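Inspection log for the structure reproduced underneath, given as structure tokens.
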Amino acid sequence: MKSEEDPNSFAALFEASPKKGAPRQWRLGDVLDLEVVRIGKSEIFVALDGKQEGYIEAAELSDEHGNPTVFMGSRIAARIVQVDRGTGAIRLSPVSTEPILPAVADAPSGAAPAAQPQAAVVPGMKVKGKVVNVERYGVFVEFPVLGAPKPMRGLVPVSELGAPRGADLRKTFPLGSELSATVLSVDDRGRLRLSVTALAAAEERRAFESFVAGPDQAKGKPAPKPTFGTFADLIKKKS
């Protein structure tokens with residue numbers, strides 16, 4: 001007999017697509033990794049499951065001048081905040097304009113419990129904040145989260161800092177200095193474990209993949225068809 005899915009599991013945050021013919025049941029509080037597919041004047045639309053789109057109010061993804069901070073093809077993390085049972089419209093609110101890093105999100109998290117369904121952050125999310133406390137076992141970083149009433153705080157353990165062995169953490173990471181990291185795990189008490197080294201590795205991998213794919217594919221454009229050049233070019237190569 002198949003056991004019921006644990007609603008608090010990380011998999012519940014990123015549920016697989018439903019079977020054909022079975023309508024997806026969207027839940028308030030779900031945090032999803034989504035792609036921007038349309039940008040309108042008042043709403044920005046994201047693809048939910050290939051057949052349905054959700055929307056985010058444009059003001060939530062605009063800078064001080066009213067310009068969108070995302071573009072078509074951008075991947076962002078957003079939380080479901082409203083489900084209209086009459087029209088089926090899904091409204092979301094962004095929690096990060098950074099994509100979920102699959103290499104981090106899919107990595108085994110050891111014995112650490114998974115994130116709560118309504119957590120403002122999820123494993124794989126990139127965060128940027130300021131160092132607020134330094135201990136011998138790691139550095140605490142406080143960072144803002146879109147839509148959250150107050151900043152959140154996470155610990156970067158010594159092993160995830162990438163600092164030289166025996167380094168003075170207080171000098172290497174002074175209070176108030178900015179630090180970027182990725183979320184490794186969120187335990188059942190909401191405590192966040194962050195990593196600087198995992199973020200660096202994931203970004204290097206993503207940069208390499210974009211380089212291999214070329215600038216057009218990196219921006220979501222189809223790769224150009226290969227050409228053989230002119231007849232004169234072929235002659236030059238043989239000469």
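Start at 1 with the first residue, then count along the sequence. Bear in mind that the values here come from a model prediction, so they are computed numbers and not experimental data.
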Original post:
Any side-chain heavy atom of Glu60 within less than 4.5 Å of one from Ser93?
Top reply: yes
Original post:
Same hydrophobic cluster for Phe143 and Val196, using side-chain heavy-atom links shorter than 4.5 Å among ILVMFWY?
Top reply: yes
**OP:** May I ask you to say whether Glu142 pairs ionically with Lys130, meaning some side-chain N is under 4.0 Å from a carboxylate O?
**Re:** no
Original post:
Could you go step by step and tell me if Leu161 and Thr197 meet the side chain to side chain contact (heavy atoms under 4.5 Å, CB included) rule?
Top reply: CA-CA 6 Å; Leu161 283 169; Thr197 56; over 6 Å; no
Subject >> Side chain proximity check, Arg193 to Pro157, heavy atoms < 4.5 angstrom >> reply: yes
Original post:
Can you tell me how far the CD1 atom of Ile56 sits from the CD1 atom of Ile76, to the nearest 0.5 Å?
Top reply: 3.5 Å
Subject >> Same apolar cluster: Val183 and Val158, side chain cutoff 4.5 Å >> reply: yes
Original post:
Can you tell me how far the NZ atom of Lys126 sits from the OG1 atom of Thr182, to the nearest 0.5 Å?
Top reply: 9.0 Å
**OP:** Ignoring hydrogens and angles, tell me if any N or O in the side chain of Arg170 forms a donor-acceptor pair with the backbone of Val134 under 3.5 Å.
**Re:** yes
Original post:
If Ile, Leu, Val, Met, Phe, Trp and Tyr residues are connected whenever their side-chain heavy atoms lie under 4.5 Å apart, and connections chain through other members, are Leu179 and Phe140 in the same group?
Top reply: no
Original post:
What is the distance from atom CG of Leu34 to atom CD of Glu53, rounded to the nearest 0.5 Å?
Top reply: 11.0 Å
Subject >> Sidechain-backbone polar pair: Ser74 side chain, Val70 backbone, donor-acceptor under 3.5 Å >> reply: no
Original post:
Within a strict 4.5 Å, meaning less than it, do heavy atoms of the Met152 and Leu192 side chains meet?
Top reply: yes
Subject >> side chain to side chain contact (heavy atoms under 4.5 Å, CB included) assessment of Val36 paired with Phe45 >> reply: CA-CA 6 Å; Val36 175; Phe45 296 87; over 6 Å; no
Subject >> Pairwise distance CD(Gln52) to CH2(Trp26) - rounded to 0.5 angstrom >> reply: 6.0 Å
Subject >> Heavy-atom closest pair, residues Val156 and Ser195 >> reply: CG1-CA, 4.3 Å
Subject >> From OG1 (Thr87) to CD1 (Ile90), nearest 0.5 Å >> reply: 8.0 Å
Subject >> For Leu61, the option from Asn67, Ile39, Ile44 that meets side-chain contact (heavy atoms from CB on, under 4.5 Å) >> reply: Ile44
Original post:
For the residue pair Pro123 and Ser185, what are the closest heavy atoms and their distance?
Top reply: CG-CA, 4.2 Å
**OP:** Measure across Gly29 and Arg79 and return the closest heavy-atom pair with its distance rounded to 0.1 Å.
**Re:** O-CG, 3.5 Å
**OP:** Determine, stepwise, if the pair Glu135 / Asn133 fulfils side chain to side chain donor-acceptor pair (under 3.5 Å).
**Re:** CA-CA 7 Å; Glu135 300 290 349; Asn133 191 21; 3.2 Å; yes
Subject >> Minimum heavy-atom distance between Val131 and Phe173, given as atom pair plus value >> reply: CG1-O, 3.7 Å
Subject >> pair Val141-Val132: side-chain heavy atoms closer than 4.5 Å >> reply: no
Original post:
Hey, does Leu92 have a side-chain heavy atom less than 4.5 Å from the side chain of Val81?
Top reply: no
Original post:
Are the side chains of Leu199 and Leu194 in touch, meaning some heavy atoms are under 4.5 Å apart?
Top reply: no
Original post:
Looking at OH of Tyr55 and CG of Leu48, how far apart are the two atoms once the value is rounded to the nearest 0.5 Å?
Top reply: 12.0 Å
Original post:
With a 4.5 Å heavy-atom cut-off, do Arg91 and Glu43 have their side chains touching?
Top reply: no
Subject >> Val46 and Glu35, any side-chain heavy atoms less than 4.5 Å apart >> reply: no
